Undergrad: 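One structure is given below, represented as structure tokens, and several questions about it will come after.
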Number of protein chains: 2
Amino acid sequence: MAKDRPLQFSVDRSSPVPLYFQLSQQLEAAIERGELAPGSLLGNEIELAGRLGLSRPTVRQAIQSLVDKGLLVRRRGVGTQVVHSQVKRPLELSSLYDDLEAAGQRPATRVLRHTAEPAGAEAAAALGVPEGAEVVLVERLRLAHGEPMAHLRNHLPAGLLDLDGGALEETGLYRLMRAAGITLHSARQSVGARAATAEEGERLAEPVGAPLLTMERTTFDDTGRAVEFGSHVYRASRYAFEFQLLVRP
Amino acid sequence: MAKDRPLQFSVDRSSPVPLYFQLSQQLEAAIERGELAPGSLLGNEIELAGRLGLSRPTVRQAIQSLVDKGLLVRRRGVGTQVVHSQVKRPLELSSLYDDLEAAGQRPATRVLRHTAEPAGAEAAAALGVPEGAEVVLVERLRLAHGEPMAHLRNHLPAGLLDLDGGALEETGLYRLMRAAGITLHSARQSVGARAATAEEGERLAEPVGAPLLTMERTTFDDTGRAVEFGSHVYRASRYAFEFQLLVRP
DNA sequence: GAGGTCTGATTGTCCGGACATAAGGTGGGG
DNA sequence: CCCCACCTTATGTCCGGACAATCAGACCTC
């Protein structure tokens with residue numbers, strides 16, 4: 001089992017980066033590059049710890065973080081092995097902008113509306129504010145290669161964020177929120193489908209009655225405060241949600 | 001901060017259940033029941049460990065598991081507090097059957113087809129078998145309250161599982177797999193929408209052209225082997241995917 | 001040869017301690 | 001009165017060790 005020693009890991013104790021994190025990053029990179037073959041054993045923790053001059057708990061913490069990411073599988077009495085399957089992107093709270101950018105689609109955004117309005121019943125309930133309270137409403141059209149992809153409608157609590165129209169055209173909403181110091185924590189989503197109305201059809205260049213993919217999402221920060229409520233409509237002919245999910249053991 | 005002591009936790013050292021797990025379950029139950037108010041501090045780890053007669057690492061392990069579930073938030077220098085938001089079900093690999101059952105819908109299944117067939121190009125690629133190799137094909141109609149909800153088409157590698165027609169009508173496919181000792185690990189999913197064909201419309205009692213929600217999913221076990229490829233179609237008028245997702249910190 | 005049994009390997013759990021780091025409040029100085 | 005340095009508090013990281021539980025394979029018995 002310990003016949004081949006193709007890779008050498010090393011840690012820098014003078015770095016402020018935690019040791020377990022340094023190791024987990026090196027392991028992940030080695031897996032990504034295929035230097036750690038799928039299915040291959042990782043070698044036992046004790047020996048790995050000794051070789052690196054680390055304690056076993058530290059090595060375990062590094063390994064555990066990759067197990068949580070779905071890259072490794074541990075089996076008692078057997079060892080830790082690299083998972084075979086092609087783990088890509090385990091469904092994260094990403095904005096459509098980032099998705100398109102990652103796919104090399106050069107996304108563009110057109111801000112259709114950016115106003116302060118009294119909250120309707122649905123938005124008020126989602127954001128946890130009284131009905132009629134003032135909220136920020138942003139409506140955007142997201143394009144890829146000049147073609148409309150989706151119509152995005154977002155409600156935000158008033159005063160949460162100082163939205164700049166220019167920034168909104170150049171990046172996603174989540175990135176702006178994170179940049180403003182908001183720690184996104186969780187989101188409640190609902191994905192469905194419906195036929196396009198006349199107005200939606202015109203906006204998205206689809207015929208009336210064409211199938212559209214819809215998503216409603218309420219996002220919370222780590223204090224439990226709702227920071228965004230979105231109602232989005234995607235062209236089903238051009239877009240589908242792709243993601244990977246892990247089974248919680 | 002430590003003024004109120006409304007709850008007392010306790011662990012049983014003679015139990016085979018790990019101590020950290022006993023504690024995390026009690027904490028989770030207390031949060032669920034509202035005995036630990038959202039936003040309230042949990043009290044520092046050292047003191048909690050001392051009160052329970054546990055070591056700090058054990059207490060940390062218990063807390064960490066709830067942080068991973070999204071129920072708690074830790075802040076250095078501040079403490080650990082219960083998250084405000086309503087965390088429900090953090091998107092898991094659940095079968096439609098379980099979803100409907102949990103919603104009190106009394107699901108029923110009609111097996112339309114259950115044969116061994118040569119794999120088509122798509123199914124072969126997804127399952128990682130040569131095209132034309134024999135695979136098991138299962139087609140089911142899922143009903144709730146006697147109304148059709150979805151048409152489920154699953155391909156399985158030959159010999160993976162001994163599917164019983166009767167069992168298929170009474171439970172979900174994933175439950176059967178788990179019962180057969182298969183450890184589900186991850187799944188790659190794609191969710192989209194399209195207009196109903198004549199055949200689909202008839203099966204699902206929807207007019208031709210009605211919007212349908214589609215999902216394709218390939219599921220892998222912990223050895224990286226593909227154990228299932230499904231192409232499912234849901235009535236958009238009756239069903240939407242609802243889930244909660246956490247932001248990986 | 002088929003079956004159960006022992007044994008080695010490896011992860012799982014747990015302990016008690018140590019120091020580092022960040023957040024928040026407090027007091028002093030400008 | 002405001003701002004900065006300091007202190008307190010709590011989590012974050014790390015160590016070295018101990019024993020238990022489980023798996024796979026070799027071994028032995030029938």
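Labels below follow one simple rule: chain letters A, B, ... track the order of the sequence lines, proteins then strands, and each chain is numbered from 1. These numbers were taken from a predicted model, which means no experiment stands behind them.
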Undergrad: Which protein N or O atoms sit under 3.5 Å from an N or O of nucleotides 20-25 of chain C?
TA:
{"from": "C/dT21", "atom 1": "O4'", "to": "B/R76", "atom 2": "NH1", "distance (Å)": "2.9"}
{"from": "C/dT21", "atom 1": "O3'", "to": "B/R76", "atom 2": "NH1", "distance (Å)": "3.3"}
{"from": "C/dT21", "atom 1": "O2", "to": "B/R76", "atom 2": "NH1", "distance (Å)": "3.4"}
{"from": "C/dA23", "atom 1": "O4'", "to": "B/R76", "atom 2": "O", "distance (Å)": "3.2"}

Undergrad: Determine yes or no for a side-chain-to-main-chain donor-acceptor pair under 3.5 angstrom, with A/Q189 supplying the side chain and A/M215 the backbone.
TA: no
Undergrad: Taking only N and O in the side chain of A/T80, is any of them less than 4.0 Å away from OP1 or OP2 of C/dT10?
TA: no
Undergrad: Atom CD1 of A/I63 and atom OG1 of A/T80: how far apart are they, to the nearest 0.5 Å?
TA: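 Answer for the CD1-OG1 pair, A/I63 versus A/T80, is 5.0 Å.
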Undergrad: Tell me: CD1 of B/I63 to C1' of C/dC14, nearest whole Å?
TA: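 Those two atoms, CD1 and C1', are 16 Å apart.
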Undergrad: Who pairs with A/T58 by side-chain hydrogen bond (donor to acceptor under 3.5 Å, both in side chains), at least two apart in sequence or on another chain?
TA: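 Applying side-chain hydrogen bond (donor to acceptor under 3.5 Å, both in side chains) to A/T58 gives A/S55.
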Undergrad: Can any side-chain N or O of A/E28 pair as donor or acceptor with the backbone N or O of A/L66 at less than 3.5 Å?
TA: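 No; zero donor-acceptor contacts below 3.5 Å.
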Undergrad: According to side-chain contact (heavy atoms from CB on, under 4.5 Å), who are the partners of A/R60, at least two apart in sequence or on a separate chain?
TA: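 Partners of A/R60 under the side-chain contact (heavy atoms from CB on, under 4.5 Å) test: A/E45, A/R56, A/R74.
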Undergrad: Just by distance, do the side chain of A/Q244 and the backbone of B/S186 share a donor-acceptor pair under 3.5 Å?
TA: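 Pair absent, no side-chain N/O of A/Q244 close to backbone of B/S186.
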Undergrad: Could you tell me how far apart B/R56 (CZ) and C/dA18 (C1') are, to the nearest whole angstrom?
TA: 11 Å
Undergrad: Given C/dG12, is OP1 or OP2 found less than 4.0 Å from the side-chain N or O atoms of A/R60?
TA: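 For C/dG12, OP1/OP2 do have a side-chain N/O of A/R60 under 4.0 Å.
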Undergrad: Do any N or O atoms from the side chain of B/H84 and from the backbone of A/T223 form a donor-acceptor pair under 3.5 angstrom?
TA: yes
Undergrad: Within this structure, what is the CZ-to-C1' distance between A/R13 and D/dC14, rounded to whole angstrom?
TA: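 After rounding, the gap between these two atoms is 8 Å.
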Undergrad: Under a 3.5 Å distance rule, please check whether A/Q22 uses its side chain to pair with a backbone N or O of A/V17 as donor and acceptor.
TA: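 Present.
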Undergrad: Heavy atoms only, 4.0 Å cut-off, all strands: where does B/P18 land among base, sugar-phosphate and nothing?
TA: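 Sugar-phosphate contact only - B/P18 comes under 4.0 Å of backbone atoms but never of a base.
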Undergrad: Between A/E169 (side chain) and A/V111 (backbone), is there a donor-acceptor pair under 3.5 Å?
TA: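 Pair found, side chain donor or acceptor close to backbone of A/V111.
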Undergrad: On DNA chain D, check which nucleotide each of B/R74 and A/V59 is closest to and give me the residue with the more 5' one.
TA: B/R74
Undergrad: Residues two or more places apart in sequence or in another chain: which of them pass ring-ring contact (aromatic ring centres under 6.0 Å, His included) with A/F241?
TA: A/Y234, A/Y239
Undergrad: Within this structure, what is the CG-to-C1' distance between B/D222 and D/dC23, rounded to whole angstrom?
TA: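 In whole Å, D/dC23 C1' lies 14 Å from B/D222 CG.
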Undergrad: Distance check needed: C/dG12 P versus A/I46 CD1, whole Å only.
TA: 12 Å
Undergrad: Could you state the atom-to-atom distance from CG of A/L52 to P of D/dG16 in whole Å?
TA: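 Distance check: A/L52 CG to D/dG16 P gives 13 Å.
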Undergrad: Tell me, with the steps shown, if B/Y20 and B/Q64 meet side chain to side chain donor-acceptor pair (under 3.5 Å).
TA: CA-CA 10 Å; B/Y20 79 89; B/Q64 188 58 48; over 6 Å; no
Undergrad: Expressed as a whole number of angstroms, how long is the span from A/L41:CG to C/dT11:C1'?
TA: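 Going from A/L41 (CG) to C/dT11 (C1'), I get 12 Å.
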Undergrad: Is the phosphate of C/dC15 approached by B/T58 (side-chain N or O, under 4.0 Å from OP1 or OP2)?
TA: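 Answer yes for this pair, as a side-chain N or O of B/T58 is under 4.0 Å from OP1 or OP2.
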Undergrad: Salt bridge check: are A/R188 and B/E242 linked by an N-O gap of less than 4.0 Å?
TA: yes
Undergrad: Under 4.0 Å, heavy atom to any atom of DNA chain D: which of residues 20-29 of chain A qualify?
TA: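 The stretch gives A/Y20 as the residues lying under 4.0 Å from the strand, ordered by number.
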Undergrad: Roughly how many Å is it from CG in A/N44 to C1' in D/dC23, rounded to a whole number?
TA: 15 Å
Undergrad: The helix from C/dG1-D/dC30 to C/dG30-D/dC1: angle between its terminal axes, five pairs each, to 10°?
TA: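 Its terminal axes enclose an angle near 10°.
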